[in-house]
Participant: 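This is the structure, below, for whatever I ask next.
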There are 2 protein chains.
Amino acid sequence: MTTILLCDDHVVVRAGLLALLGSEPDIEVLGEAGSGEEAVALAAKLGPDVVLMDLQLGAGIDGVEATRRITALPNPPHVLVLTTYDTDADITRAINAGATGYLLKAERPEDLFAAIHSAAQGHTTLSPPVANRVMAQMRGTRPTLTERELDILGQLARGLGNREIARALFISEATVKTHLGRIYDKLGVDTRAGAVSVAKEQRLLPS
Amino acid sequence: MTTILLCDDHVVVRAGLLALLGSEPDIEVLGEAGSGEEAVALAAKLGPDVVLMDLQLGAGIDGVEATRRITALPNPPHVLVLTTYDTDADITRAINAGATGYLLKAERPEDLFAAIHSAAQGHTTLSPPVANRVMAQMRGTRPTLTERELDILGQLARGLGNREIARALFISEATVKTHLGRIYDKLGVDTRAGAVSVAKEQRLLPS
DNA sequence: CCGCGCATCAGCCGATCGGATGACCCCGGG
DNA sequence: CCCGGGGTCATCCGATCGGCTGATGCGCGG
């Protein structure tokens, strides 16, 4: 028997997961959360084996932050990310935040069940497209940006200036420029517009 | 009684809709499709009152194209778009393709039921955020870029500077800046990076 | 014929960017 | 224990950008 906590801001998705998981005899859904904050609170209170976590959560903290907080709990559950996108940035951020697995919503139900049971035992499961991207990254095909550089890139794509990026990330403008220089270097460009373009094409950023 | 056809590439979403709609006595789900092509075929075969259509369908034709084909059928059903994003481009494309309504997945179930019944009678229903965007669009700003502006945008995405863009398109630097200003205006940004980002997301540029 | 959208061009100016250089701190591994 | 990577910060400066105002020419439709 594996106990589960659901976290997704969409009612239909939660209902879908409930319906799917309800048909599995050895899976029990302890509760559901519509926001990251709620998920953290319920994870602490209910103590499930696995948390199924969406990354896009609308208002409040996002799935990555929720994952970070949940895995920081005493005796934490395993977090299985279940989302729509296989963007590099999302994948690395989720894994760095402590996620045990990364599944796409398009996955077949049987694979979802299998992944949940694997996750309950701490085993990592990645959807095939995700696994491919991770592999490609291993082979050094594409430039590997650090966590922080991806943060900068994200703000950059919002069209923010250096000062605004600095304020958004609580660092100095000088540091932003340092990171930007390295990003340009890794992406082989020398302007912000070029960086955004390459990042979108390499799927380093959601699009 | 209103008969429905579901179209979404995500199993969990379909299951969720089935579960939700199953609890409604005067709604009957005739079938479900996991791709746009399948949805068109099933719509022709089953003749539902309403098709619930997601816009992002993974492989094959997208929801907009599926909507276009379904509304081109003889005695066509009403298409109610049910998606995650309220971006201008998606909304206008869906409506131009013949969609009767445009709902967000985050909508409350009761609103979904109401929208389905409205759609069955040909009435339009828009989620509040969508309605707001449509209104804003009515009031003047329409993001239609001219050919030339798209040319500029293309060079911009290559990371070129104004002087380089000018030389690439055989015009003066001043003209480039004029176009850029108008592009910023239309896209609602004020930097080149922001313009590239929006353009890629709105699919104004190849990605 | 006149208005209007589109494309073209000019000059000005403050704000911002990009590059270069050097520095400090923390942490984990050899 | 020292090295290196990642993150942080500072200063300087020339190049570029973005906003502004204004102007010309062209084609199309009322």
Side-chain angles (χ1 to χ4, degrees), chain A residues 64-65 68 72 88-89 91-98 137-138 140 142-199 204, chain B residues 137-199 204:
Chain A
V64 172
E65 181 56 29
R68 208 185 312 279
D88 287 353
I91 297 171
T92 58
R93 291 157 74 87
I95 291 178
N96 287 337
Q137 212 155 359
M138 293 299 194
R142 87 184 63 249
T144 30
L145 298 192
T146 68
E147 186 74 11
R148 207 51 169 157
E149 284 160 359
L150 287 174
D151 288 340
I152 306 279
L153 203 47
Q155 303 303 315
L156 189 59
R158 295 176 51 202
L160 301 187
N162 290 345
R163 186 168 307 137
E164 297 167 299
I165 296 176
R167 272 201 266 270
L169 300 181
F170 306 104
I171 55 180
S172 89
E173 207 175 325
T175 306
V176 173
K177 296 182 72 172
T178 304
H179 283 307
L180 271 181
R182 274 196 281 270
I183 291 173
Y184 293 162
D185 210 31
K186 290 184 178 178
L187 297 185
V189 301
D190 56 0
T191 64
R192 348 186 108 223
V196 170
S197 184
V198 171
L204 296 172
Chain B
Q137 215 155 357
M138 292 299 197
R139 286 191 253 278
T141 315
R142 79 186 30 157
T144 317
L145 298 194
T146 69
E147 280 304 306
R148 207 52 170 160
E149 285 160 357
L150 286 174
D151 289 340
I152 306 280
L153 205 46
Q155 304 303 314
L156 189 58
R158 294 176 50 201
L160 302 187
N162 290 345
R163 188 169 307 137
E164 297 167 299
I165 296 177
R167 273 201 266 269
L169 299 180
F170 306 106
I171 56 181
S172 90
E173 206 176 326
T175 306
V176 173
K177 296 181 70 172
T178 306
H179 283 307
L180 272 180
R182 273 197 281 271
I183 291 173
Y184 294 162
D185 213 29
K186 290 183 179 179
L187 297 186
V189 300
D190 56 0
T191 64
R192 353 188 106 217
V196 171
S197 184
V198 170
L204 297 172

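Being a predicted model, the structure only gives us computed values, none of them experimental. The analysis underlying the following values was restricted to heavy atoms, covering all of them including side chains, and did not include hydrogens, waters or symmetry mates.
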Participant: Taking all heavy atoms of A:Ala157 and all of A:Val196, pick out the closest pair and write down the distance.
Facilitator: CA-CG2, 3.9 Å
Participant: I need the A:Ile165 CD1 to A:Leu180 CG distance, nearest 0.5 Å.
Facilitator: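 Nearest 0.5 Å value for the CD1-CG distance: 5.5 Å.
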Participant: Can you check the B:Asp185 CG to C:dC6 P distance for me, whole Å?
Facilitator: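 Interatomic distance, CG of B:Asp185 to P of C:dC6: 13 Å.
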Participant: When the distance from CG of B:Asp151 to C1' of C:dC6 is rounded to whole Å, what number comes out?
Facilitator: 13 Å
Participant: Any salt bridge (charged side-chain N to carboxylate O under 4.0 Å, His left out) involving residues 157-166 of chain A? Give me the pairs, sequence neighbours left out, ordered by first then second residue.
Facilitator: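 Qualifying pairs: A:Arg163-A:Glu173.
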Participant: How would you list, by chain and number, every residue that makes a side-chain contact (heavy atoms from CB on, under 4.5 Å) with B:Arg148, sequence neighbours excluded?
Facilitator: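 Result, side-chain contact (heavy atoms from CB on, under 4.5 Å) vs B:Arg148: B:Thr146, B:Asp151, B:Leu169, B:Ile171, B:His179.
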Participant: Does A:Thr191 have any side-chain contact (heavy atoms from CB on, under 4.5 Å) partners at least two apart in sequence or in another chain, and if so, which?
Facilitator: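 Here the qualifying residues are A:Ala193.
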Participant: Report the distance from atom CZ of B:Arg192 to atom CG of B:Leu153, rounding to the nearest 0.5 Å.
Facilitator: 11.0 Å
Participant: In residues 171-180 of chain B, which ones come under 4.0 Å of DNA chain D, going by heavy atoms?
Facilitator: B:Lys177
Participant: Holding to side-chain contact (heavy atoms from CB on, under 4.5 Å), I want the full list of residues that pass it with A:Val198, two or more places apart in sequence or in another chain.
Facilitator: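 A:Val198 satisfies side-chain contact (heavy atoms from CB on, under 4.5 Å) with A:Leu187, A:Val189, A:Gln202 only.
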Participant: For chain B and DNA chain D, what are the first and last nucleotides along the strand, 5' to 3', with at least one atom under 4.0 angstrom from a heavy atom of the protein chain?
Facilitator: D:dT16 to D:dG19
Participant: Can you list the residues that meet the side-chain hydrogen bond (donor to acceptor under 3.5 Å, both in side chains) rule with B:Ser172, with sequence neighbours excluded?
Facilitator: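 So B:Ser172 forms a side-chain hydrogen bond (donor to acceptor under 3.5 Å, both in side chains) with B:Thr175.
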Participant: With sequence neighbours left out, what residues match A:Arg182 under salt bridge (Lys or Arg N to Asp or Glu O under 4.0 Å)?
Facilitator: A:Glu149
Participant: Would you jot down, in residue-number order, the residues of residues 154-168 of chain A having a non-hydrogen atom under 4.0 Å from DNA chain D?
Facilitator: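 Residues of residues 154-168 of chain A that come under 4.0 Å of DNA chain D do not exist, since none gets that close.
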Participant: What's the spacing between A:Leu150 CG and A:Leu156 CG if we round to 0.5 Å?
Facilitator: 12.0 Å
Participant: Give me the bend of the helix from C:dC1-D:dG30 to C:dG30-D:dC1, using the axes of the five pairs at each end, rounded to 10°.
Facilitator: 40°
